[in-house]
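A short write-up of the structure that comes next.
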Number of protein chains: 2
Amino acid sequence: MNGGDAPFAYSGLERIFHERGRLAVCTCLVANPHGMRFTELQDACALTDGNLNRHLHALAEVGVVEMERVTGRGRPATTVRITADGRRRFLAYIDELESVVRDVHARSAETPPVHDGWAAQS
Amino acid sequence: MNGGDAPFAYSGLERIFHERGRLAVCTCLVANPHGMRFTELQDACALTDGNLNRHLHALAEVGVVEMERVTGRGRPATTVRITADGRRRFLAYIDELESVVRDVHARSAETPPVHDGWAAQS
């Protein structure tokens, strides 16, 4: 959480990671640092070919992942890996996410819910 | 986390909350269950008029927030509040976020980073 003038700006939530599909891909790649095949990644994250492709290119463009395409006998296979810099940045993003969760837990415990009423009154 | 065939699908991350601006707005409103003025919310979340407006209308459309516009002497003021249902759904989303964080921590601790190499080799 940002401690400045806008306490809820969450400017540390790097946009590149804060998309559900890319969050899934990065979590998966952190758990498999030696790399995963495109198809394994697709199954683990429940993404279509096109979506996974789009996310991987966005992540590769900012140096978070690298891809290796191996051709030879059979179908060509693409392997994807998170880079050392990508891992570091993703873990920093996760720390920020953790502070959002802590923040909400702390604040929601202090402030009990209010019964709905406005909509009925107006 | 989803325990099904696609362990990293994170289907519980409701899209309505998983946008940095809306995440900020909801965190703020959970902390202020009696409601906040539009301008207070704007300052706390560092959002422009147009952006905050857009997010609030998206949240109101699915019943997460309600807005009350008070006119009288001086400028009209809009007050925004999270609904009981919105609060419940947002806290469920936060629980899912927490499980993502736990998951990454557990998996990154098990799997040390791999030195970069592919890019240099290719």
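Chain A is the first sequence line, chain B the second, and so forth, proteins listed ahead of strands; every chain is numbered from 1.
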Next item on the list: Counting only heavy atoms closer than 4.5 Å, note whether B:Glu19 contacts chain A via side chain, backbone, both or neither.
Entry: both

Margin query: How about CZ on B:Arg37, more than 12 heavy atoms from neighbouring residues, nucleotides or ligands closer than 6.0 Å, or not?
Written below: no

Note to self: Using a 3.5 Å distance criterion without hydrogens, assess whether the side chain of B:His18 forms a donor-acceptor pair with backbone atoms of B:Glu14.
What the structure shows: no

Notebook entry, point to check: Does A:Phe38 offer a backbone N or O that forms a donor-acceptor pair with the side chain of A:Thr78 under 3.5 Å?
Noted result: no

Checklist line | Most chain A-contacting option - heavy-atom pairs closer than 4.5 Å, from B:Gly21, B:Ala24, B:Ala109, B:Ala46 | finding: B:Ala24

Checklist line | Interface residue of largest heavy-atom contact number with chain A, from B:Ser108, B:Ala106, B:Cys26, under 4.5 Å | finding: B:Ser108

Check: Is there a side-chain contact between B:Leu29 and B:Phe90 (heavy atoms, below 4.5 Å)?
Finding: no

Check: Where does B:Leu47 contact chain A at under 4.5 Å (heavy atoms): side chain, backbone, both or neither?
Finding: neither

Item checked: Backbone of B:Thr79 reached by a side-chain donor or acceptor of B:Arg69 within 3.5 Å -> no

Margin query: At a heavy-atom distance under 4.5 Å, which candidate from A:Arg20, A:Arg15, A:Glu98 has the highest pair count against chain B?
Written below: A:Arg20

